Amino acid sequence: MIAVRLLRLAAVGTASVGGLSGLAYGLLNGQSRHARRVIGLSTEDPLCADGTYFPAGRPFAEPVEAPLDFAVLGDSSAAGLGVETATELPGVRLATGLAEELERPVRLRTHAIVGSTSRSLAPQTDVVLHEPPRLALVLIGANDVTSRLPVRSSVHLLEEAVRAMTEAGTAVVVGTCPDLGAIRPIPQPLRSLAGRYSLVLAREQRRAVERAGGHAVPLADLLSPEFLTRPVELFGPDRFHPSAAGYEMATDTLLPKLCDAIGAWEGAPVPTPPRRSAAVEARRPTRRFVARLNLRWGRRTES
């Protein structure tokens with residue numbers, strides 16, 4: 001599946017830059033096949049540990065207020081594909097963290113499906129809205145890039161899902177598309193092409209989420225510098241999905257915003273996420289080009 005999607009991305013990318021030569025087209029196709037061989041195809045379903053999570057040290061039999069319902073929607077990153085134990089699942093980490101922060105039980109329901117694109121959000125949302133939760137997290141976007149779902153269609157589908165949930169009284173937090181340019185098994189120049197699409201999608205997702213009344217967390221801007229510099233630690237064995245440490249870093253980033261979305265964050269003020277981090281900005285082709293010119297000009301003036 002990944003091979004076909006990367007191949008499609010290569011074909012569209014080739015056309016989008018003005019019709020490269022047959023040699024360049026063959027290069028991108030070859031890179032798609034190489035990435036597919038390296039990444040492989042998961043044959044295992046992600047773990048599932050839905051249920052009610054309590055604050056640490058509170059006996060289950062002790063009378064407590066009703067659990068806060070927390071739903072997780074999206075793709076394999078939301079489902080936690082690749083972790084080895086249930087406690088490492090992003091949904092479980094967040095449910096446990098929410099229970100500690102709120103000092104009340106949290107009931108986790110995971111609706112995320114491996115391989116989902118934004119087209120899959122409508123059916124997931126329909127299931128969620130049978131019993132609207134107080135809080136929902138959506139992680140989606142990587143498969144939209146590799147399947148070449150048009151950005152306009154992708155963000156429209158996301159906006160509709162977020163609006164439907166917010167109008168039902170659910171506070172919605174969306175972790176926007178990760179930076180596919182950080183995935184080393186995708187060789188260059190295909191990796192740069194995938195990275196560029198993913199950053200464009202993430203930017204438009206953020207705007208759509210905010211229009212619909214949700215809360216966006218730009219994961220690419222906040223996390224890609226770490227994933228770029230610590231790939232062995234933060235990516236799992238397939239070098240495509242996060243490791244347990246990678247999921248932990250993502251959930252640590254998401255938890256304050258989830259609490260803040262329901263007015264329950266009592267820590268330091270949740271900082272406004274950057275529109276684009278300095279590390280991601282530095283990777284833009286125009287910025288690198290200007291940096292090279294400045295370096296060359298500086299050497300000339302010194303001589």
Side-chain angles (χ1 to χ4, degrees), residues 46 48 50-53 66-80 89-99 101-102 104-144 149 151-178 201-219 250-251 253-265 270 273:
C48 181
D50 286 2
T52 302
Y53 291 83
L68 176 138
D69 284 326
F70 172 48
V72 178
L73 302 80
D75 56 21
S76 57
S77 61
L89 290 167
V92 172
R93 287 188 182 277
L94 290 169
T96 303
L98 286 166
E101 290 293 336
L102 305 177
R104 63 179 291 190
V106 173
R107 182 184 296 118
L108 170 66
R109 291 183 292 165
T110 302
H111 304 279
I113 299 173
V114 174
S116 291
T117 69
S118 293
R119 290 192 179 102
S120 305
L121 284 180
Q124 291 183 28
T125 302
D126 289 343
V127 174
V128 166
L129 292 180
H130 287 164
E131 187 181 345
R134 178 68 184 90
L135 181 64
L137 170 68
V138 180
L139 298 176
I140 201 77
N143 294 322
D144 292 47
L149 180 63
V151 170
R152 180 177 296 182
S153 299
S154 178
V155 298
H156 175 69
L157 292 166
L158 176 61
E159 186 172 351
E160 283 190 330
V162 173
R163 180 169 287 109
M165 287 187 282
T166 57
E167 289 179 349
T170 299
V172 182
V173 174
V174 176
T176 57
C177 183
L201 176 58
R203 183 185 67 236
E204 296 305 317
Q205 283 180 321
R206 182 173 184 173
R207 293 172 178 170
V209 169
E210 292 172 350
R211 285 195 303 268
H215 308 264
V217 179
L219 294 179
T251 54
T253 301
L254 291 163
L255 181 60
K257 180 58 72 174
L258 286 165
C259 293
D260 187 54
I262 56 174
W265 179 248
V270 178

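Note that the structure is predicted; figures quoted are calculated from it, not measured.
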Hey, are the side chains of Glu101 and Leu258 touching, using non-hydrogen atoms and a 4.5 Å cut-off? no
Sub-3.5 Å donor-acceptor pair from the side chain of Thr110 to the main-chain atoms of Ala79, do we have one? no
Rounded to the nearest 0.5 Å, how far apart are CD of Gln205 and CD of Glu159? 11.5 Å
Heavy-atom nearest pair, Leu137 first then Gly175, reads CD1-N, 4.4 Å
Shortest non-hydrogen contact from Thr170 to Pro133? OG1-O, 2.6 Å
Does Ser154 reach the side chain of Thr117, with side-chain heavy atoms less than 4.5 Å apart? no
Is there side-chain contact between Leu219 and Leu139, with heavy atoms separated by less than 4.5 Å? yes
To the nearest 0.5 Å, what is the distance between CZ (Arg109) and OG1 (Thr52)? 10.5 Å
Any side-chain heavy atom of Asp144 within less than 4.5 Å of one from Leu158? no
Residues Ala212 and Thr166: closest non-hydrogen pair is O-OG1, 3.1 Å
Please answer whether the main-chain N or O of Gly213 pairs with a side-chain N or O of Arg163 as donor and acceptor at a distance below 3.5 Å. no
Taking every heavy atom of Tyr53 against every heavy atom of Ala95, the minimum-distance pair comes out as CD1-CB, 3.9 Å
Between the side chain of Gln124 and the main-chain N/O of Gly74, is any donor-acceptor distance below 3.5 Å? yes
Minimum heavy-atom distance between Gly91 and Phe70, given as atom pair plus value: O-CE2, 4.1 Å
Could you give the distance from CG (Leu121) to CG (Asp75), rounded to the nearest 0.5 Å? 9.0 Å
Is there a salt bridge (charged side-chain N to carboxylate O under 4.0 Å, His left out) between Asp69 and Arg134? Walk through the geometry before answering. CA-CA 5 Å; Asp69 284 326; Arg134 178 68 184 90; over 6 Å; no
Which value, rounded to the nearest 0.5 Å, describes the distance between Ser118 atom OG and Leu149 atom CG? 6.0 Å
To check you understand the geometry: which heavy-atom pair defines the closest contact between Ala136 and Leu73, and what is its length? CB-CD1, 4.1 Å
If you define the side chain from C-beta out and look only at heavy atoms, does anything of His215 sit under 4.5 Å from Val209? no
From Asn143 atom CG to Arg119 atom CZ, the distance as rounded to the nearest 0.5 Å: 11.5 Å
Mind checking whether Thr96 and Arg93 have side chains closer than 4.5 Å, heavy atoms only? no
Looking at CD1 of Ile140 and OG1 of Thr176, how far apart are the two atoms once the value is rounded to the nearest 0.5 Å? 12.0 Å
Taking C-beta and beyond as the side chain, do Ile262 and Leu68 meet within less than 4.5 Å on heavy atoms? yes
